[in-house]
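One-based numbering, in listed order, for ligands and for the atoms of each. The shown structure was predicted, so the numbers you read here are calculated from the model rather than taken from an experiment. The first residue of the sequence shown is numbered 1, and numbering continues consecutively from there.
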Amino acid sequence: MKTFRNDFLWGGATAANQFEGAWDADGKGPSTSDMCTNGSPEHPKRITRQWEEGAFYPSREASDFYHHYEEDIALMAEMGYKTFRFSIAWTRIFPTGMENTPNEAGLAFYDRVLDACRKHGIEPLVTISHYEMPYALVEKCNGWEGRECIGYFMNYCRTIFERYQGKVTYWLTFNEINAGAMPMGNVMSLGTVKGYTGTILDFPDNPRVRFQALHHQFVASAKAVKLAHDKYPQFQMGNMICFITKYPLTCKPGDILKAQQEMQMMNWFCSDVQVRGEYPYYAGRYFEENGIEIRMEEGDTELLKEGCVDFYTFSYYMSNCSSDEPGAEIGHGNLTTGLKNPYLKASAWDWQIDPQGLRYTLNEIYSRYQIPMMVVENGLGARDAVEEDGSINDTYRIDYLRQHIEEMKEAVKDGVDLMGYTPWGCIDLVSASTGEMGKRYGMIYVDKQDDGTGTLERKRKKSFEWYKRVIASNGEELD
Ligand code: BG6
């Protein structure tokens, strides 16, 4: 019976805007996430045009990876990491996104990070754009609504590809690109928020603008992949989808159809474009019914075909249900809500926990595309308590991860080609949806609190030693 391949990429994942801090160090410019305040499930975080006196902007210092990268990567190496997924902050390289010459100090920082990875034998997995963009591009062209963003993004890609060509093989173009298929994408990934100050939930969504911006991201992603394939044949280019698996709430045909429709537009739409290279048939009716018309330029269709990704990656935290009738209880999530599943328990943030759903999802995706896959985010956001002796006994996190790894193993036995697994927030970082620090995912604790206090000291949690054994045994020892 098959099990994880020998070169399975065990590791962990982070993102610059939630982890690095040093928001204005060494020439860095402000990004969209630098303009976001903290929040909580009850008080959604806000994006502001100007920095507000008295407001707290958690990404500014975050976990300060910028000044702790050596220690952090050494800790990852101690756990036996084979890979480290992180993102490059566009605004470290091009502070407004529009400069002609890159910021050398920003480039040098990622050289140091990549060299530290290499020193420890860790394969970098680099996300080019993870939930941030230069805020100056929001002001200039309403973020990705402006087609000129593609050109600015390509300057950035050309620069980092050329600079890091000898150090990075695996790249992901846009984190959770399908955020753009949901209203939350305006603030999180598209930057279509020119002039807006307010909560991330109250933004007045315009699907026509949003899908146009998403189209520009598709073209940018395809161009980046094509550039890589043409000029850097050693690169492996991946997409990244936030997969929120949908089940019909009941076996009523209306519920089944509703689940299928939601699966199509939330989960399949973007990867159908990025893996198959064309807009899927079902999008036509959705666009028509929602007043969406995509303006394409000559050559876009060909470009999408020429820029298909080499491997498929996704985040998996939860599943939820769909019904064609109102009234069922709502469960929560990072990008959108869904209906509660009576068979599942949920996290303290009301994200439904469904390990078997991961096996199901891996099979669904693989049967559709049959290309190598990677789970690049998974994990349990929880409040951790530091005991008097300094220990952090996160057995709940171990249980969550163990159950998901067991199901990944089943999917591998089913025949799915799985390359690796990088649980989210391997070192505690700022939550993307709420801006909290207290929603922790890490196997390494960071002494940093919701109000910004803390020493930034790193501590190994119980899950640290556990994951170390998991990696050393290539997923065989899970207890
Ligand atoms: C994914 C994002 O949606 O989920 C991450 O790619 C994010 O950036 C992660 O942090 C967990 O979500 P949250 O809201 O708990 O931080």
Side-chain angles (χ1 to χ4, degrees), residues 12-20 31-34 36-45 58-59 62-63 65 85-89 125-133 172-185 187-190 199-201 217 238-245 266-267 270 313-320 331-338 346-353 358 361 374-384 397 400-401 404 422-442 446 448 450:
T14 64
N17 79 89
Q18 293 165 254
F19 191 40
E20 282 180 4
S31 72
T32 41
S33 54
D34 295 326
C36 287
T37 67
N38 64 341
S40 67
E42 298 75 34
H43 302 285
K45 71 178 198 179
S59 289
S63 309
F65 175 70
R85 172 179 176 229
F86 64 93
S87 70
I88 294 180
L125 168 62
V126 175
T127 315
I128 299 172
S129 176
H130 189 128
Y131 279 173
E132 62 177 330
M133 69 186 305
L172 307 179
T173 55
F174 290 93
N175 178 66
E176 295 189 339
I177 192 167
N178 58 326
M182 299 172 234
M184 194 72 124
V187 179
M188 301 295 263
S189 58
L190 300 169
T199 77
I200 56 170
L201 298 181
Q217 287 195 336
N239 69 333
M240 198 309 200
I241 299 292
C242 173
F243 211 106
I244 303 176
T245 304
M266 280 174 50
N267 294 317
C270 293
T313 82
F314 68 113
S315 62
Y316 179 85
Y317 294 92
M318 73 194 95
S319 67
N320 54 42
H332 292 86
N334 49 354
L335 292 175
T336 180
T337 56
S347 77
W349 276 260
D350 203 24
W351 293 19
Q352 297 188 106
I353 301 170
L358 178 54
T361 303
M374 195 160 164
V375 179
V376 293
E377 285 188 35
N378 172 237
L380 181 71
R383 289 197 193 285
D384 294 332
R397 183 168 293 109
Y400 177 102
L401 295 169
H404 283 80
T422 55
W424 176 247
C426 47
I427 304 187
D428 293 342
L429 39 66
V430 177
S431 156
S433 57
T434 65
E436 290 165 292
M437 192 69 209
K439 187 183 188 189
R440 298 173 183 274
Y441 287 87
V446 176
K448 179 80 188 283
D450 281 338

Open item on the list: Is the contact between Trp349 and ligand 1 made by the side chain, the backbone, both, or neither, using heavy atoms and a 4.0 Å cut-off?
Closed with: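 It is neither part, as no heavy atom is under 4.0 Å.
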Open item on the list: Under 4.0 Å, heavy-atom basis, I'd like to know which part of Ser433 is in contact with ligand 1: side chain, backbone, both or neither.
Closed with: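 The answer is both.
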Using atom types as modelled and distance alone, determine if a side-chain donor or acceptor of [X] lies under 3.5 Å from a backbone N or O of [Y].
| X | Y | result |
| --- | --- | --- |
| Lys448 | Ala62 | yes |
| Thr32 | Met133 | yes |
| Asn320 | Gly331 | no |

Quick one: nearest non-hydrogen protein atom to [atom], plus distance?
| atom | result |
| --- | --- |
| atom 11 (C) of ligand 1 | Tyr441 OH, 3.5 Å |
| atom 16 (O) of ligand 1 | Ala432 N, 2.7 Å |
| atom 3 (O) of ligand 1 | Asn334 ND2, 2.4 Å |
| atom 13 (P) of ligand 1 | Ser431 OG, 3.5 Å |

- [ ] Report the relative orientation of the aromatic rings in Tyr316 and Phe314; use parallel for angles under 30°, tilted for 30 to 60°, perpendicular for over 60°.
- [x]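 Geometry flag for Phe314 against Tyr316: perpendicular rings.
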Task: Aromatic centroids of Phe65 and Phe19 separated by under 6.0 Å - done: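 Between Phe19 and Phe65, the centre distance is under 6.0 Å.
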TODO: For this output row, return yes or no: ring centroids of Trp424 and His404 closer than 6.0 angstrom.
DONE: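 Not close enough - the centres of the two rings lie 6.0 Å or further apart.
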Task: Selected option - heavy-atom contact closest to atom 12 (O) of ligand 1, from Trp351, Tyr131, Tyr317 - done: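 Among Trp351, Tyr131, Tyr317, the closest heavy atom to atom 12 (O) of ligand 1 belongs to Trp351.
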Task: Nearest-option assignment for atom 1 (C) of ligand 1, heavy atoms, candidates Glu436, Gln18, Glu377, Lys439 - done: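 Result: the heavy atom closest to atom 1 (C) of ligand 1 is in Glu377.
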Open item on the list: Can you tell whether the side chains of Glu377 and Arg85 come within less than 4.0 Å, N to carboxylate O?
Closed with: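 Result for this pair is yes, salt bridge flagged.
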- [ ] Measure the distances from the heavy atoms of His130 to every atom of ligand 1 and state whether one is below 4.0 angstrom.
- [x]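 Judged by the 4.0 Å heavy-atom criterion, His130 does count as contacting ligand 1.
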TODO: Pull out every atom of ligand 1 sitting under 4.0 Å from any heavy atom of Asn175, numbered as shown with elements.
DONE: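 Near Asn175, meaning under 4.0 Å from one of its heavy atoms, ligand 1 has 6 (O).
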